[in-house]
Trainee: 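Quick one: the structure is below, and I'll ask about it shortly.
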Amino acid sequence: MKKTNTVRVTMLSALVAVMAFVAACGGGSNNNSAGGGNEGGSGAGGEQQVTLTMMHPWTAPNPDNDVYKARIAAFEEANPNIKIEQDSVAAAQYKTKLFTLAAANNLADINVVWPGADLDPLVNGNLLHPLNDYMDNWNGLVREGSLVGYSKNDNQYAIPTKQNFVDIIYYNKELLAQAGHDTFPDTYEGFIQMIKDLKAAGITPISLGNKEKWPLQSSYMSVITQRYAGADFLQKVVDGEADFNDPQFVQAVAVIDELTKLEAFNVDANNMDSVQAQDYLIQGKAALHISSATVDGRIRINNEEGDKFGIALFPAVEGGAGEPGIAAGVSQFGIAIKSDLDQAKHEAALKFMEFFVSEDLYKELTSVGIMIPADIEIPEDASPYLKEMMELTSKGSTPVFDAVIPTAAAKEFENGLQALTVGRGTPEGVAQDTQNALGQ
């Protein structure tokens, strides 16, 4: 039996309360409301005209975002009686707006959602429509392992559109050579020595854009946590079998503190966003940048000077519990349908889902160098950079921090990490504050 709207709001109110300190929702929106959407009248051929609202975070100049938006346009062209009213929200504000709308039972008709901890409150509030009856569209195409994060209580609630690894180290080969390093180090000790050598050569070691706060949490600490505390540590914390005061986790946090004290980051790191930090690397102003596999499109694939950049993963840590060579991965941008749509909207939304999340989409993403969660034949003429990225990340993955840890604790962690970069707080204090925010 479906829950009432009152129950939905009650179940989500606690989440929204603890997110009150997050920056105001919105930002970059194309329209004033994600909910609603009117239908009525007749479209081409006498078909009923339907308007679907869709909220997504595809605002950054990444190649996959262009593919997604072109795919929406293609659907509208093929289905003139269905209009997709887009609400484009910058990634840094997206989750806040999503949960705020969810608390008011005012989600868009179609939403981009994240797996794991971020999906749970939407499912618990009965706000998403299960897709079990329609999985024939994706069975045999989307990998089962990629669907798991979007499944709960034997129901499938979303279909992911890309496979991402958030911790790729992009490095300028020429700048490393100037500091005496012809190869990327495979140990943490070697990595720290390289940072020192870059500083001595007058080169900014790492380009960091942490204005949005998620880069240190996601791109850095997801993999650093794995190297020190093991791949299962975050889940153990959620299950109450470990906590963030564990000495190995404190050691992981101390990496950010050490890099800060070595002045490894650009001085304006907390005033620069993630895209500006990419540009900093591309323009030769820093030797390294740690970000997702997606930005390979900007740094190498679509860059005439792409060959000057190499890719690597965070090196091995002596005495660490995690296996080296593992990347931090997540199936991203799950497409979900709001529950309780009327029949016309529900049918139109399913039609959109079938068109949008398809083999054609995965082929288009692959063609621009984006990794995907689907089994399709990779064309022989695919970018050699894509093939190199697939090889680099082929040894398995560890969970992304905020895909496992609930939002309130992840946000507290982000604040603590940012404080470390300006000389405030300690690794022990950051760990304790994060544990307190977890409420266990």
Side-chain angles (χ1 to χ4, degrees), residues 60-63 164-210 215-216 219-220 223-224 227 255-256 258-269 271-316 324-325 327-328 368-371 382-394 421:
N62 296 333
N164 200 12
F165 292 91
V166 301
D167 60 328
I168 306 303
I169 302 177
Y170 299 91
Y171 61 91
N172 186 313
K173 301 173 187 176
E174 297 174 0
L175 294 183
L176 261 61
Q178 288 178 31
H181 293 264
D182 294 328
T183 59
F184 196 86
D186 57 5
T187 66
Y188 182 67
E189 291 77 11
F191 176 76
I192 291 299
Q193 185 60 52
M194 181 183 68
I195 297 297
K196 294 177 180 178
D197 292 339
L198 286 166
K199 287 291 294 183
I203 300 168
T204 298
I206 304 175
S207 168
L208 171 65
N210 201 52
L216 282 179
S219 292
Y220 285 68
V223 67
I224 296 174
R227 295 293 193 267
V255 170
I256 304 302
E258 180 172 17
L259 291 174
T260 297
K261 290 174 179 175
L262 290 173
E263 299 181 342
F265 305 122
N266 45 295
V267 294
D268 52 351
N271 295 317
M272 181 182 290
D273 66 29
S274 54
V275 175
Q276 291 171 315
Q278 296 165 27
D279 292 336
Y280 213 80
L281 175 81
I282 293 169
Q283 295 162 8
K285 297 179 180 179
L288 313 176
H289 177 66
I290 304 178
S291 190
S292 73
T294 297
V295 305
D296 202 18
R298 297 194 72 223
I299 294 174
R300 301 196 303 170
I301 296 173
N302 298 320
N303 183 358
E304 291 182 357
E305 296 183 308
D307 284 347
K308 71 165 59 173
F309 300 102
I311 56 174
L313 296 177
F314 197 81
V368 295
I370 301 299
M371 302 181 72
S383 168
Y385 296 126
L386 174 61
K387 295 177 181 178
E388 183 185 5
M389 186 70 73
M390 293 174 69
E391 175 62 26
L392 180 70
T393 58
S394 65
T421 66

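Keep in mind that what you see is a predicted model, and the values were worked out from it rather than measured. Just so it is clear, the values below take in all heavy atoms, side chains as well, and ignore hydrogens, waters and symmetry mates.
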Trainee: Taking atom types as modelled, find out whether Gln193 and Tyr188 have a side-chain donor-acceptor pair closer than 3.5 angstrom.
Mentor: no
Trainee: Once you round to the nearest 0.5 Å, how far does OG of Ser207 lie from CE of Met272?
Mentor: 6.0 Å
Trainee: Does this structure show an ion pair linking Arg298 with Asp279, if we count only N-O contacts that are shorter than 4.0 Å?
Mentor: yes
Trainee: If we ignore hydrogens and angles and just use 3.5 Å, is the side chain of Asn210 paired with the main-chain N or O of Leu216 as donor and acceptor?
Mentor: yes
Trainee: Taking all non-hydrogen atoms of both residues, which atom of Ile301 and which atom of Val368 are closest, and how far apart?
Mentor: CD1-O, 3.9 Å
Trainee: Check the orientation of Phe184 and Phe191. Use parallel for under 30°, tilted for 30 to 60°, and perpendicular for over 60°.
Mentor: tilted
Trainee: Looking only at heavy atoms, what is the nearest atom pair of Leu288 and Leu176, with distance?
Mentor: CD2-CD1, 3.9 Å
Trainee: Which atoms form the tightest heavy-atom contact between Asn271 and Gln276, and what is the distance?
Mentor: O-OE1, 4.1 Å
Trainee: Only one of Val223, Asp186, Leu392 forms a side chain to side chain contact (heavy atoms under 4.5 Å, CB included) with Leu313, so which one is it?
Mentor: Leu392
Trainee: Ignoring hydrogens, what is the shortest heavy-atom contact between Ala286 and Ile206? Give both atom names and the distance.
Mentor: CB-C, 4.1 Å
Trainee: Between the side chains of Glu305 and Arg300, is the shortest nitrogen-to-carboxylate-oxygen separation below 4.0 Å, so that they form an ion pair?
Mentor: no
Trainee: Can you give me the closest heavy-atom contact between Phe314 and Arg227, atom names plus distance?
Mentor: O-NH2, 2.8 Å
Trainee: From the options Asp307, Asn303, Asp296, Asn302, select the one residue that forms a side chain to side chain donor-acceptor pair (under 3.5 Å) with Tyr385.
Mentor: Asp307
